[in-house]
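One-based numbering, in listed order, for ligands and for the atoms of each. Because only heavy atoms are used, hydrogens play no part in the values below, and waters and symmetry mates are left out as well, while side chains stay in.
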Amino acid sequence: MLGTKVLLIYTGGTIGMIKDSETRALKPFDFEQIKKEVPELNKFECEIDTFSFENPLDSSSMNPKVWVRIAEIIEDNYADYDGFVILHGSDTMAYTASALSFMLYGLNKPVILTGSQLPIGTIRTDGKENLITAIEIAAAKKANNPLVPEVAIYFEYNLYRGNRTTKMNSEDFEAFDSFNFPLLAEAGIKIKYNTRNILEVKTENKLTVFKRFDRNVASLKLFPGITKEFVSHFIKTPGLRAIVLETFGSGNAMSEDWFLTLLKKAIDNGIVIVNVTQCKGGGVEQSKYESGSRLEAIGVISGMDITFEAATTKLMLLLGGKTSTEKIKTKFLSPFCGEIS
Ligand code: ASP
């Protein structure tokens, strides 16, 4: 680890909070002081530099502009650091991780996102372990190559592929899960890397950062009883270019004619529709049931086992890249960096 350099980027979230000694309210602490707050950081053999957002964000306020900002910080510092740790609120961490994984094309270094459920300045905080192990993972190498050359989330002893992850608990320390992809690593006494699940290092890769997002993507979550009025208004949203259709089970939707007619009309008007399941695990298999195969027949794209977070961010980026509607389908279905099986 000697000679290895890690850049720690603080974007906001609970992890960077301390209790004000007078008011007892939570407030972001001066990130420059992180080594005072977490003296363990001084014990690392690797060099740790820090970069903090001037105005740390609650991650519920994240958006494509901020993703671009984070990606640019990585781009500007890419040659100088061996790995990056991004401190981020857990609420939308899975979206940021998914977006970064698609933006950072040709990535060959670890980008590890982490945060915490309890502020780092509280006694029972989960933030210290998350931060310390995330740095260790970002700095980890074998034969001078990074062990995790991809965007990942480290939380509560588990390392997940970023674009396979979903926040699934707002209270437990174990806040994330990756239902359709195995863990990249588990931290116990040692960090056990599951190398066969981790993307390979491709030393010839050069980093290219895609920065153009089109936000005209919307989600339509189905529920029994959804009305024709609502769906027909929804698909008429001005500027709408893609819909993530959240369906039942293995990709099924009600088979009423009005519903299929409206979706078909949207597709004929050039709107891309991707089918993802409302289930946490498993994926879409449109041909399994008749209701799903009717969606297939009108040109709805099967999202297979992609997460909602990865589907929305990937669509925003594909649409931003001025890709033709026909090509979007092919590109959506081909994995960029392990987001879809
Ligand atoms: N609301 C916070 C955020 O996402 C929660 C957290 O930090 O985990 O920024």
Ring centroid separation F210 to Y105 under 6.0 Å: yes

Out of L183, L184, V148, which one pairs with Y193 under the side-chain contact (heavy atoms from CB on, under 4.5 Å) rule? V148

Quick check: S59 and ligand 1, any N/O pair under 3.5 Å apart? yes

Can you see whether N275 engages T247 through a side-chain donor-acceptor pair at a distance of less than 3.5 angstrom? yes

Proximal atoms of ligand 1 relative to G13 (non-hydrogen, under 4.0 Å): 7 (O), 9 (O)

Atoms of ligand 1 close to T14 [distance to a heavy atom under 4.0 angstrom, numbered from 1]: 2 (C), 5 (C), 6 (C), 7 (O), 8 (O)

Is any N or O atom of S90, backbone or side chain, closer than 3.5 Å to an N or O atom of ligand 1? yes

Could an N or O of ligand 1 be found under 3.5 Å from any N or O of D58, whether backbone or side chain? yes

Under a 4.0 Å threshold between the charged nitrogen and the carboxylate oxygen, would D82 count as salt-bridged to K141? yes

Below the 3.5 angstrom mark, is there an N/O of D91, backbone or side chain, next to an N/O of ligand 1? yes

Please work out whether the ring planes of F176 and Y160 are parallel, tilted or perpendicular, with thresholds of 30° and 60°. tilted

Which segment of S116 sits under 4.0 Å of ligand 1 when only heavy atoms are counted: backbone

Would you say the side-chain atoms of T313 and E309 include a donor-acceptor pair closer than 3.5 Å? no

